[in-house]
Amino acid sequence: MSLVRSNVFDPFTGDLWSALQRCPVFNPSHAPSNEISSFADVRVDWKEMAEAHVFKADLPGMKKEEVKVEVEEGNVLKISGERCGEKEDKDGKWHRVERSSGKFLRRFRLPGEVKVDQVKATMENGVLTVTVPKEEVNKPEVKAIEISG
């Protein structure tokens, strides 16, 4: 039994449906074996606040053990992981498979004034929150100069 991934919804076009099932773009079981399944549509919000940069990623159904948060090259935040698809079984017949599965990777170049050694990540209800604290920026001292004359 093969899984069909498609955005086509028309139960009356059997010929089109059969053609799509034979197409590697729509049916991963007909894709080359070295092709990596991925979903790049992991949605991430990035909000800069006074004291930190806060990233929130929607990862519904994933466990924290399936997600990796790293800082590489000193200032690149990397969020990656893998969502496993539904296992094929011999019971039942799939009519639609729309939920994404496979590996994902998102990178964000952080500004220079962050404390990468104090990055914190939490996961709750399928939302990953990564907090990157900012360095305190010393404001240059302003000295008033009296104008003579």
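Quick caveat: nothing in here was measured; it's all calculated off a predicted structure.
Rounding to the nearest 0.5 Å places OG1 of T131 at 11.5 Å from NZ of K47. Taken from CG in L128 to CG in D58, the straight-line distance is 10.0 Å, to the nearest 0.5 Å. Rounded to the nearest 0.5 angstrom, K120 NZ and T129 OG1 are separated by 13.5 Å. Between the CD atom in E70 and the CZ atom in R107 there is a gap of 9.0 Å [rounded to 0.5 Å].
A donor-acceptor pair is defined here as one N or O able to donate and one able to accept, closer than 3.5 Å; such a pair exists between the side chain of R106 and the backbone of V42. A donor-acceptor pair under 3.5 Å links the side-chain atoms of E66 to the main chain of K63, judged by distance alone. With hydrogens and angles disregarded, no donor-acceptor distance shorter than 3.5 Å links the side chain of R43 to the backbone of L59.
When the side-chain hydrogen bond (donor to acceptor under 3.5 Å, both in side chains) test is applied to E73, no partner is found at least two apart in sequence or on another chain. Applying the side-chain hydrogen bond (donor to acceptor under 3.5 Å, both in side chains) rule to E48 yields the partners K134; only residues at least two apart in sequence or on another chain are considered.
Of all non-hydrogen atoms in A52 and P133, the two that sit nearest each other are CB-CA, 3.8 Å. Looking at every heavy atom in both residues, H53 comes nearest to P111 through NE2-CG, 3.3 Å.
Within 6.0 Å of NZ in K68 there are 12 or fewer heavy atoms belonging to other residues, nucleotides or ligands. Other residues, nucleotides and ligands contribute only 12 or fewer heavy atoms inside 6.0 Å of the CD atom of E124. By the 6.0 Å contact criterion, CD on E136 is open, its count of non-hydrogen atoms from other residues, nucleotides or ligands being 12 or less. No more than 12 heavy-atom neighbours from other residues, nucleotides or ligands sit within 6.0 angstrom of NZ on K64.
Inter-residue side-chain proximity for L105 and K78 is flagged as met; some heavy-atom pair is nearer than 4.5 Å. At least one side-chain heavy atom of R83 sits under 4.5 Å from a side-chain heavy atom of P60.
Screening V119, V132, V76 against L110 for a side-chain contact (heavy atoms from CB on, under 4.5 Å) leaves a single residue, V132.
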Residues M62, V67; criterion side chain to side chain contact (heavy atoms under 4.5 Å, CB included); working and verdict: CA-CA 8 Å; M62 293 194 69; V67 179; 4.0 Å; yes

F104 vs I79, side chain to side chain contact (heavy atoms under 4.5 Å, CB included): CA-CA, chis, key distance, verdict: CA-CA 8 Å; F104 67 91; I79 301 171; 4.1 Å; yes

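Ring geometry for F108 versus F55: interplanar angle of 30 to 60°, hence tilted.
Under a hydrophobic-cluster definition in which Ile, Leu, Val, Met, Phe, Trp and Tyr are linked whenever side-chain heavy atoms come within less than 4.5 Å, directly or via other members, V69 and V54 are assigned to different clusters.
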